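Working notes, beginning with the structure itself.
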Amino acid sequence: SLDPASGARRELWSGLESLSGFVLARSSGVTAAVRHCFDQPPEVQVGTPGAWRPLTAWNARAAPFWGPVTSLGWETPAGRAQGFLMAPPQVEAGRRYPLVVVVHGGPGVPEYWLTAKYPSRLEDYFTVCWWEQRGAGLSYDPDIPPETMTYEQFISDTIEVTNHLRSRFGKEKIYLM
């Protein structure tokens, strides 16, 4: 939260998920939002930040289009890189899947949450890294120096991320999308 008078910031919640359609009741602090995460389909949730409870169950029988999801993050000379990997829904033991890094339009809101509504089905054939660029999603940090939010730094970050993933997965080539 942000106190407009003092400029003080306070983290109310964090998690490997996103919220959309966020509404806050001024008098009670109760919120309502569509919560998107990997272990349950999108549903409307209500409550105080971090203590939500389901309001709807419209998508309760929906199955995800992806397999196991792994959070990944590491320190770089320019700051923390953060994202996550989505494996194919039916991983075949011993098979090495090609790796795709989704580079969203950033900075700002990442695009992975769109796959729940508009599945790309990339996860059927690839291990997909949804990288959250500097200043977006899981990589958001209010202390990021504004002067680092440049095209040159975004290009440098992209090279850093791809080299890290190439090393981690023993890949010579990675697809950028």
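Just so we're clear, the structure is a prediction, and the values are computed from it rather than from any experiment. In this chain, numbering begins with 1 at the start of the sequence shown.
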Original post:
With sequence neighbours left out, what residues match Thr162 under side chain to side chain donor-acceptor pair (under 3.5 Å)?
Top reply: none
Give a yes or no on whether the backbone of [Y] and the side-chain of [X] come within a donor-acceptor separation of less than 3.5 Å.
X: Thr150; Y: Gln153; answer: yes
X: Glu43; Y: Trp58; answer: yes
X: Thr31; Y: Gly47; answer: yes

Subject >> Met177 reachable from Val128 in the ILVMFWY side-chain graph, under 4.5 Å edges >> reply: yes
Original post:
Given the rule that I, L, V, M, F, W and Y join up when any side-chain heavy atoms are under 4.5 Å apart, are Phe154 and Ile144 in one cluster?
Top reply: yes
Using distance only, find each side-chain donor-acceptor pair of residues 167-175 under 3.5 Å and give its atom names and separation, not counting sequence neighbours.
unit_1 : atom_1 : unit_2 : atom_2 : d
Lys171 : NZ     : Tyr97  : O      : 2.8

**OP:** Quick one: closest heavy-atom pair of Leu165 and Cys129, and the distance?
**Re:** CD1-SG, 3.8 Å
Original post:
If you take all heavy atoms of Val34 and Pro42, which pair is closest and at what distance?
Top reply: CG1-CB, 4.0 Å
